[in-house]
Amino acid sequence: MTDQQFSIEQRIEKDRIDNLYQRSKSASLTLLVCSTIYILVLTKRIPWQPLLAWYLVLLAVLVGRWLMVRFYETDQGRSKSLSFWLYLFRFGILAAGMTLGSLNIFFFPREPLSLLLMAIIYPLGITIGAVTMLLDFFSFVLYVVTVMSPVAYHTILAGDGFYSGTGFMACVLVLFFLKFSREYNNNFVVTTRLRYENAALVEDLEKEKNKLNNRLGRILNDSSTEIYVADAETLNCLQVNQGAIQNLGYSNDEFTDISLLDIFEDLDRHSFTELIAPLYNGRWEAIVHNGINRRKDGSTYPVEARLQLSTLDVPPIIVANVQDITERTEWEDKLIYQANFDQLTGLLNRHYMQSYMHSVFTRAKRNKKKVALLFMDLDNFKNINDTLGHGTGDEVLKQTADRITTLLRESDTSARTGGDEFTVLLESLEENSHAEVVASKLVNLFKEPFIVEGREIHTTVSVGISIYPDDGESLDQLMQCADMAMYQAKEDGRNKHQFFSHKMRRSSEEQMLIANHLRQALAKDELSIYFQPKIDIRRGRITGAEALLRWHSHELGEISPYIFIPIAENLGLIDEIGNWVLEGACREAMRWQELSSEKLQVSVNVSPKQFRSGTLLKAVANSLELSGLPCEQLELEITESLLIQESGQPLTILETLHGQGISLALDDFGTGYSSLSYLRRFPLRVLKIDSSFIRDLETDQNSKVLVDAIIAMAHSLELEIVAEGVENEVQLDFLRQRNVKIVQGYLFSPPVPAEKFRSLLKK
Ligand code: C2E
Ligand code: CA
Ligand code: CA
């Protein structure tokens, strides 16, 4: 059994027995010496033979006890139980006690007195010497009883008062010792128990602490965090964890030759000392440093290092907790990139532009320089996207971005600020004309076609330019101005640049004003429908009329549909207004029936936006039903822009309308995309030659050729022709010669109010 396996009680018991055996050596020796002297004294009075015999017995007993002790010591009391050793000890005590007690029998009741006294003092002394066995109360009692009872017997019963008194005195002393032994014994047990309990407690605590230390050590060692313990003076590594070994690629041994400065790439001795200075003066407990670590192979990675100083250690040490933040940094970079860059083209995005502008303006203000903002919008990008697919569209945008970047200088900034919108910033502008140079270069970038999957794609760009601080002092203002300028460029025919002018702002302010009033125009009954007759020139008769919307605003006066129709489209009012026209035109056309023998047709202009909302078919059906007008007498005028929309929706709607017998006319033919393919594809009945060609017929040879071509094409496609804007006889003759049947124009009548048209019919 090991010590740990004993319970505390057992250990106290063992201690007690250890103690008894240990003391019995010196006790036996003392006993031997005292007894030898005593025997030698007695031989002067008593015959030596019995004394020798007794002495030999005593020797035997003492040798026996000595052997007992030897046996106990070599064995350490392990082979036998504790109670065995206790009984053995008590047996030894009994033997010794009886031997000593028997000595009295030899000389009692012999004289003289001095001898008797000695006979009493000797066992008494020996009894006092029995303190060696104080730890075992039973042994003590055994010893005292066996040694003292013969003495007590002889002295007390001797009949002499002196003897009896001495005997009693001896007995009282013995009783005192018995009591003392008892207390001593208890004390011993209590203190020993306390000692052992404390020891056990300390041991437990120690164990717990070790366990904790081991666990902590293991975790720290295994963690991916790098931990360096370094000499604060030399900065040499004293100890590192597994994480450091793995991340840096040095072996454990190599680390002892390496200093923290070898590891922290971005720090030298001076900067390191400065960095950790607050640790020495106690201002900070730890310092966090974001830096770069260098591996054994020379590669580096970003880290966050937490440095602590311990001055309790000798020498003082620095503990560095280093976290590899590569992933975190990459993630942060990615987030920053995503937040500030356009994913498709890699150019900056609107968000970045916004935050960047502030510093641009501050710089410009300080240097008293101007900044130009160039806002670019591709001219027919929607068309590319719709006809060739988004993949091609994306590729065009990417190539556009590439072309822009190669054109610009480093001090210029470019961004993609919308679908097909790009913004270019020119800083430190000396003169406004410099912006113009760049703008025309940007426009020229699109001269060469884009090549996507072997296919040539032609597109152009319109650029609007605004200047800081002339046109505005915030990004929003400048953007707004550049945007207006860009729209102006588009209106002027696209593929060009345009500076912002204050006239534009005025017109945009006007538009705002118009928009505000237009919202209430219907409710305020400010709208009306005019009718312009269509004339069959051979028969000289009215075949019908085009319904044209008029707006007389109480506040703003007469406003052209060329101005308010686009605004109504932008505001989303066109459906409501368009349906109102449809209904009114149909109702009016019903009133013509009584006035003419002809089946008069009414033509209503329909905006492409009305096809998008999906309510057109319902509105048409509604108008026809409410008015009672036969389908054949309604004609809808649509524009070319509707036909080039790639989605199948307009075609389906047009086919439905055609199926119902409604006539479809293509308005303003020749101004838009003029492609034969859609003329074939759509169920058109009428082609309206745009008034601009008719107007130029007298002066422009080209227009003549073009009108000739249009007429020939229409005839071959079996489309009826209506010539708009006929103002004089020359134009009329030209058309008549070419077999154009129906014309419309001031030559016959401008658009007139409904009543007036009715009176025209009567004539
Ligand atoms: P549009 O469809 O091309 O209409 C013909 C325009 O030419 C009309 O202008 C008409 O007044 C004008 N006009 C007619 N004859 C002559 C002529 O001999 N000489 C000249 N110089 N002009 C002539 P208006 O009424 O100002 O309408 C302008 C445009 O507004 C229309 O062009 C049409 O696109 C649009 N619009 C008018 N009413 C409506 C409508 O109810 N709905 C929609 N969606 N658009 C409409
Ligand atoms: Ca028209
Ligand atoms: Ca027209």
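Sequential numbering from 1 along the given sequence is applied to the chain's residues. Atoms within a ligand are numbered from 1 in the order they appear, just like the ligands themselves.
Close contacts between ligand 1 and Ser607 involve ligand atoms 44 (N) [criterion: under 4.0 Å to a heavy atom]. Those atoms of ligand 1 with a heavy atom of Gly745 less than 4.0 angstrom away are 15 (N), 18 (O). Taking a cut-off of under 4.0 Å to the non-hydrogen atoms of Pro751, the atoms of ligand 1 that pass are 11 (O).
The side-chain heavy atoms of Ile565 and Leu549, taken from C-beta on, include a pair separated by under 4.5 Å. Between Phe499 and Asp471 there is no side-chain heavy-atom pair separated by less than 4.5 Å.
Heavy-atom proximity to atom 13 (N) of ligand 1, evaluated over Phe748, Tyr746, Tyr562, is greatest for Tyr746. Residue Asn605 holds the heavy atom nearest to atom 44 (N) of ligand 1 of all those in Val604, Leu582, Thr639, Asn605.
Geometrically, ligand 1 and Asp667 share a nitrogen or oxygen pair separated by less than 3.5 Å. At a 3.5 angstrom cut-off on N or O pairs, Leu549 counts as close to ligand 1. Checked by distance only, ligand 1 and Arg550 come closer than 3.5 Å through their nitrogen or oxygen atoms.
Remark: side-chain polar atoms of Gln633 are not paired, donor with acceptor, to backbone N or O of Pro630 under 3.5 angstrom. Not one N or O on the side chain of Glu473 forms a donor-acceptor pair closer than 3.5 Å with the backbone of Pro469. Looking at Asp379, its side chain does come within 3.5 Å of a backbone N or O of Asn495 through a donor-acceptor pair.
If you look at Val581 next to ligand 1, the close heavy atoms, those under 4.0 Å, all belong to the side chain. The proximity of Gln532 to ligand 1, defined as any non-hydrogen pair under 4.0 Å, is limited to the side chain. Counting heavy atoms closer than 4.0 Å to ligand 1, residue Gln744 contributes nothing at all. In Glu546, the part holding a heavy atom less than 4.0 Å from any atom of ligand 1 is the side chain. For Asp668, every heavy-atom contact with ligand 1 shorter than 4.0 Å involves the side chain, none the backbone.
Contact between Gly725 and ligand 1 is present, with at least one heavy atom of the residue lying under 4.0 Å from the ligand. Residue Ser691 places no heavy atom under 4.0 Å from ligand 1.
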Candidate pair Thr459 and Asn380, rule side chain to side chain donor-acceptor pair (under 3.5 Å), full reasoning: CA-CA 7 Å; Thr459 180; Asn380 56 343; 2.9 Å; yes

Stepwise salt bridge (charged side-chain N to carboxylate O under 4.0 Å, His left out) check, Glu720 with Arg685: CA-CA 6 Å; Glu720 187 180 291; Arg685 195 183 69 83; 3.2 Å; yes

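Residue contacts to the Ca ion (ligand 2): Glu546 brings an N, O or S atom closer than 3.0 Å. Contact annotation: Asn605 places an N, O or S atom under 3.0 Å from the Ca ion (ligand 2).
Figure legend: Arg591 and Phe757 shown without cation-pi pairing, the cationic atom not lying both under 6.0 angstrom from the six-membered ring centre and within 45 degrees of its axis.
Of the charged side-chain nitrogens involved, at least one lies within less than 4.0 Å of a carboxylate oxygen, so that Lys688 and Glu637 count as a salt-bridged pair. The pair Lys524-Glu555 meets the salt-bridge criterion, since a charged nitrogen lies less than 4.0 angstrom from a carboxylate oxygen. By the 4.0 Å N-to-carboxylate-O rule, Glu588 lies close enough to Arg758 to be salt-bridged with it.
Within Asp667, the N, O or S atom lying nearest to the Ca ion (ligand 2) carries the name OD2. The Ca ion (ligand 2) sits nearest to atom OE1 when only the N, O or S atoms of Glu637 are considered.
Each of Arg736, Gln731, Gln737 was scored for a side-chain hydrogen bond (donor to acceptor under 3.5 Å, both in side chains) with Asp733, with one residue passing: Arg736.
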